[in-house]
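Down below is the structure, laid out as structure tokens.
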Amino acid sequence: QVQLVESGGGSVQAGGSLRLSCAAFGYSPTCMAWFRQTPGKEREGIARINRNGATTGADSVKGRFSISQDNAKNTLYLQMDNLKPEDTAMYYCAAGFGKSTCYSDSWENTNYYTYWGQGTQVTVSS
């Protein structure tokens, strides 16, 4: 079992920054990822990081968002800079296990991830 606890969401003006955290309790995942979702839309993959530090991410946030982790603390981070109103969403972290999940090119497939956090809201005003 793995419990994921997110924190760091909030309200910010456009151009501002936020840092999300996701603490994992229990087994150490092979990979972790950030997703976001707005009402009526599918959950969108932002970035994934493997335990060895390899990352992959969505083009839509490249250059503005950065995923990182502290393996000693089993904590995942998402640094979000130059935020835009369209970044407003509920942000979720997810944990995956195994090579087939964590080395797949289809990292944005939500079915690959076994555990999910409760979500943290990010609101960006113009």
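Side-chain atoms are counted along with the backbone in the values below, which use heavy atoms only and exclude waters and symmetry mates. Remember, it's a predicted structure, so these values are computed and weren't measured experimentally.
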| task | For residues Thr120 and Leu20, determine if any side-chain heavy atom of one lies less than 4.5 Å from a side-chain heavy atom of the other. | result | yes
| remark: Heavy atoms of Arg48 and Trp107 approach each other most closely as NH1-CB, 3.2 Å
| message | Run the side-chain hydrogen bond (donor to acceptor under 3.5 Å, both in side chains) test on Asp70 and Thr75 for me, step by step, so that the C-alpha distance in whole Å, both residues' side-chain angles and the decisive distance to 0.1 Å come before the verdict. | response | CA-CA 5 Å; Asp70 184 333; Thr75 300; over 6 Å; no
| said: Quick test of your reading: applying salt bridge (charged side-chain N to carboxylate O under 4.0 Å, His left out), list the pairs with at least one residue in residues 102-126, sequence neighbours left out, ordered by first then second residue. | reply: none
| query | Is the closest side-chain heavy-atom distance between Val12 and Thr123 below 4.5 Å? | reply | no
| said: If I compare all heavy atoms of Asn111 with all of Asn109, which pair ends up nearest, and what's the gap? | reply: N-OD1, 2.9 Å
| field | Contact list for residues 42-83, test ring pair (Phe, Tyr, Trp, His ring centres under 6.0 Å), sequence neighbours left out | value | none
| request: Evaluate the side chain to side chain contact (heavy atoms under 4.5 Å, CB included) criterion for residues Leu4 and Met32: first the C-alpha distance (whole Å), next the side-chain angles of each, then the deciding distance (0.1 Å), finally the verdict. | output: CA-CA 10 Å; Leu4 302 176; Met32 296 185 73; 3.7 Å; yes
| request: Looking only at non-hydrogen atoms, find the nearest pair between Ala14 and Pro85 and report the distance. | output: CB-CD, 4.1 Å
| task | Would you indicate whether the side-chain heavy atoms of Gln79 and Ser17 approach each other to under 4.5 Å? | result | yes
| query | Passes side chain to side chain contact (heavy atoms under 4.5 Å, CB included), Gln118 versus Tyr92? Steps please. | reply | CA-CA 7 Å; Gln118 79 286 356; Tyr92 298 90; over 6 Å; no
| remark: d(Ser60 OG, Glu86 CD) to nearest 0.5 Å is 10.0 Å
| query | Where is the tightest heavy-atom contact between Gln69 and Asn50, given as atom of each residue plus distance? | reply | NE2-O, 2.9 Å
| query | Judged by atom type as modelled, is there a donor-acceptor pair below 3.5 Å linking the side chain of Ser104 to the main-chain atoms of Thr101? | reply | no
| Heavy-atom closest contact (Leu83 atom, Leu18 atom, distance) | CD1-N, 3.8 Å
| Other cluster members, Val5 - Ile/Leu/Val/Met/Phe/Trp/Tyr, side-chain contacts below 4.5 Å | Phe25
| field | side-chain hydrogen bond (donor to acceptor under 3.5 Å, both in side chains): pairs with one or both residues in residues 29-40, sequence neighbours excluded | value | Arg36-Glu44, Arg36-Asp87, Arg36-Tyr91, Gln37-Arg43
| Side chain proximity check, Arg51 to Asn71, heavy atoms < 4.5 angstrom | yes
| Flag, side chain of Gln3 to backbone of Ala23, donor-acceptor distance under 3.5 Å | no
| note | For residues 35-54, the ring pair (Phe, Tyr, Trp, His ring centres under 6.0 Å) pairs (sequence neighbours left out) are Phe35-Tyr113, Phe35-Trp116
| request: Enter the distance from Cys22:SG to Glu6:CD here, rounded to the nearest 0.5 Å. | output: 5.0 Å
| message | Can you pull out every disulfide (SG to SG under 2.5 Å) where at least one residue sits in residues 29-85? Sequence neighbours excluded, please. | response | Cys31-Cys102
| Path from Leu78 to Tyr115 over hydrophobic side-chain contacts below 4.5 Å | yes
| query | Does OH in Tyr103 sit with more than 12 non-hydrogen atoms of other residues, nucleotides or ligands closer than 6.0 Å? | reply | yes
| field | CA sep, side-chain torsions, deciding dist, call: Ile67, Ile46, side chain to side chain contact (heavy atoms under 4.5 Å, CB included) | value | CA-CA 9 Å; Ile67 190 171; Ile46 299 171; over 6 Å; no
